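Below is one structure, written out as structure tokens, with a few remarks after it.
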Amino acid sequence: MTNATARASVERITDVLVIGGGPAGTWAAISAASKGAKVTLVDKGYCGSSGATAPSGTGVWYVEPNREKREEAKASRYAMGGQLAEHRWMDRVLDRTYENMNKLGNLGYPFPVDENGNPYKRGLQGPEYMRLMRKLVQRAGVKILDHSPVLELLADEHGVGGAAGVNTQTGETWEIRAGAVVVATGGCAFLSRALGCNVLTGDGYLFAAEAGADLSGMEFSNAYAICPTFSSVTKTAYYSYASFYYEDGTVVEGAGSKKGRSVIARNLLEGKQVYAKLDQAPEDLKPMLRVAQTNFFLPFDRRGIDPFKDLFPVTLRLEGTVRGTGGIRIVDDTCATSAPGLYAAGDAATRELICGGFTGGGSHNAAWAMSSGSFAGEGAAAYALKLGEATGSRNLKGLSSQTLRDRQEAGATARSEEYVRAVQDEVKPYDRNLFRTEKGLGDSLVRLDDLWQRQREAGVGRTAEGVKAREAAAMTATARWMYHSALARTETRGMHKREDFPTGDAGQHHRLISGGLDQIWVKKEEVAKERVSV
């Protein structure tokens, strides 16, 4: 049993437990069920409507199985990512994404058609996509527990064997024993208010680390998205049609280049407000842009702003590892982690394998979610089915690094809010996270280490308030892995920028693996020996 002093209100036994109900989690659940496994899916929110994908449109890395097109697709991000991606993994993901997108069409996704009647499969509308995925999960016989965030994983000497949590609507605690667990909890945007990211607080990273798993690429975690100051919609691709101006109408030189975000950030740091106008969008494309990303235009419409003609103020909103590439390290083709019985998928897992150190944006992330979700679901099912009836008789214990209690301590909510603000103070400022230096990273780590210790010593209730405390701890842990890894990479590579080491170093063409809780460690890992250029 767990370290609770009372039995959980709800207890279940299943073959595969999937944590997270976004694209990766739903594909994992469907794939595990297709292999004959009994599957339960738990979601912090409502499966089908929570997370970064559900409210948005997204591109998809969908490429026909044509060698020339595939090579071009792989090359598009390879150099930008510091040559840390692996061609074998890119090929696997392109194959599975192509298969899954075609499957979606056969199962009822309403792909738009071109003038020749051919379906356009290089994009998905989040609401329709995730509504369909929930239906498919239910049709596969998967049990869904909505509003049921995990508080801790359960394990014995053989590995991970389930999880425990609470239903935030009813207050009931739950415990699920499983032969294998898939973590598909998304990345960490540090509650920066990016659209759909309110549930993405790095929980899965913390759970995995508490189980003994490690992470990879956590230095590639400083993704910032351009967005209006009055909006949470972070669709940076649309700003390829933008010109950037100061308040007096003069052009912000360099803001529209590949280094545009850095230019904007430096201006904002100097107190100069930057404005944008989508005045480079071709007239015939404007209606298509509105259809493709309807929610992008809603904040403008509500304020009577025409973004194609009117200036509007912009900022940079932190997306962290949601748009970055770092995450839980996977050790084989099944997306298994280094902790037996634990699998990772989607933004919870490292995407270095297909993106290296530079984000692939929505398209690569969408492809990774559906492909890694499928791989993890299949792998977890095979692992669990080998255990058979032994699943229900294991002597499991909770793995939380914080003491979980039946009741919440007085003042816990205010403390969690304080911890969240303290973490945000370290990760949101551009001069600490986007433009990194040894001194800035080191100073932040002193404060983050102290913050972690304070949280370790505080009790956490098995309540909705306790969920907030665990989220704060996960954000703190994530920031520490990020900054320790960033200190260890003494060069600029991919999205990781060191002001004190502004160029790349061929001698650092390796991955950085990190882990640990009270004491963070970082070590090098060789990139797979294969072609290093295309």
Side-chain angles (χ1 to χ4, degrees), residues 19-26 43-59 124 126-127 129-130 147 149-150 168 183-206 218 220-238 261 293 295-296 298-299 315-328 345-349 351 359-366 368-369 416-417 419-421 423-424 426-428 433-434 467-468 470-479 482 495:
I19 305 174
T26 49
D43 194 337
K44 186 191 288 188
Y46 182 86
C47 172
S49 68
S50 68
T53 296
S56 305
T58 182
L124 291 164
Y129 176 29
M130 294 313 303
H147 309 295
V150 170
T168 52
V183 173
T185 49
C188 182
F190 296 97
L191 294 177
S192 64
R193 298 187 178 179
L195 184 64
C197 294
N198 59 308
V199 294
L200 306 178
T201 49
D203 307 2
Y205 304 151
L206 179 58
M218 292 303 287
F220 305 122
S221 50
N222 54 340
Y224 288 82
I226 304 172
C227 73
T229 57
F230 50 79
S231 173
S232 63
V233 181
T234 53
K235 290 297 173 186
T236 300
Y238 273 33
R261 268 169 272 199
Q293 299 284 356
N295 61 2
F296 177 89
L298 287 176
T315 188
L316 297 178
R317 198 175 296 279
L318 179 63
E319 291 183 312
T321 64
V322 174
R323 195 82 67 143
T325 62
I328 302 167
D347 291 355
R351 277 135 293 151
T359 179
S363 63
H364 287 64
N365 284 7
W368 177 248
S416 295
E417 292 173 352
Y419 296 149
V420 167
R421 287 193 297 271
V423 176
Q424 291 175 332
E426 304 302 332
V427 297
K428 290 176 72 174
N433 195 2
L434 184 57
V467 172
K468 298 302 181 185
R470 290 290 276 161
E471 288 178 339
M475 285 190 280
T476 305
T478 300
M482 283 168 45
M495 68 170 61

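All residue numbers refer to positions in the sequence shown, counting from 1. Just so it is clear, the structure is predicted and the values come from calculations on it, not from any experiment.
Between the side chain of Arg317 and the backbone N or O of Ser231, at least one donor-acceptor pair lies under 3.5 Å. Ser221 contributes no side-chain N or O that, together with a main-chain N or O of Gly324, makes up a donor-acceptor pair within less than 3.5 Å. Distance alone, capped at 3.5 Å, places no donor-acceptor pair between the Tyr129 side chain and the Gly57 backbone.
With salt bridges taken as basic N to acidic carboxylate O contacts below 4.0 Å, none links Glu426 and Arg421. A salt bridge is absent between Asp347 and Arg323: the closest approach of a Lys/Arg side-chain nitrogen to an acidic carboxylate oxygen does not fall below 4.0 angstrom.
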Any chance you could lay out the side-chain contact (heavy atoms from CB on, under 4.5 Å) test for Asn433 and Lys428, step after step, and finish with the verdict?
CA-CA 7 Å; Asn433 195 2; Lys428 290 176 72 174; over 6 Å; no

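Distance check, rounded to the nearest 0.5 Å: OH of Tyr238 to SG of Cys227 gives 15.5 Å. Summarising the geometry, atom OG1 belonging to Thr201 is positioned 4.0 Å from atom CD belonging to Glu471; distances are rounded to the nearest 0.5 Å. Interatomic distance, Met495 CE to Thr325 OG1, rounded to the nearest 0.5 Å: 5.5 Å. In this structure, OH in Tyr224 is found 7.0 Å from CG in Asn222, a value given to the nearest 0.5 Å.
Using a 4.5 Å heavy-atom threshold, the side chains of Ile328 and Val183 count as touching. Looking only at side-chain heavy atoms (C-beta outward), Asn295 and Ser56 come within less than 4.5 Å of each other.
Considering all non-hydrogen atoms of both residues, Ser232 and Arg193 come closest at CB-O, 3.0 Å. Between Thr234 and Ala194, the closest heavy-atom pair is CG2-CB, 4.2 Å.
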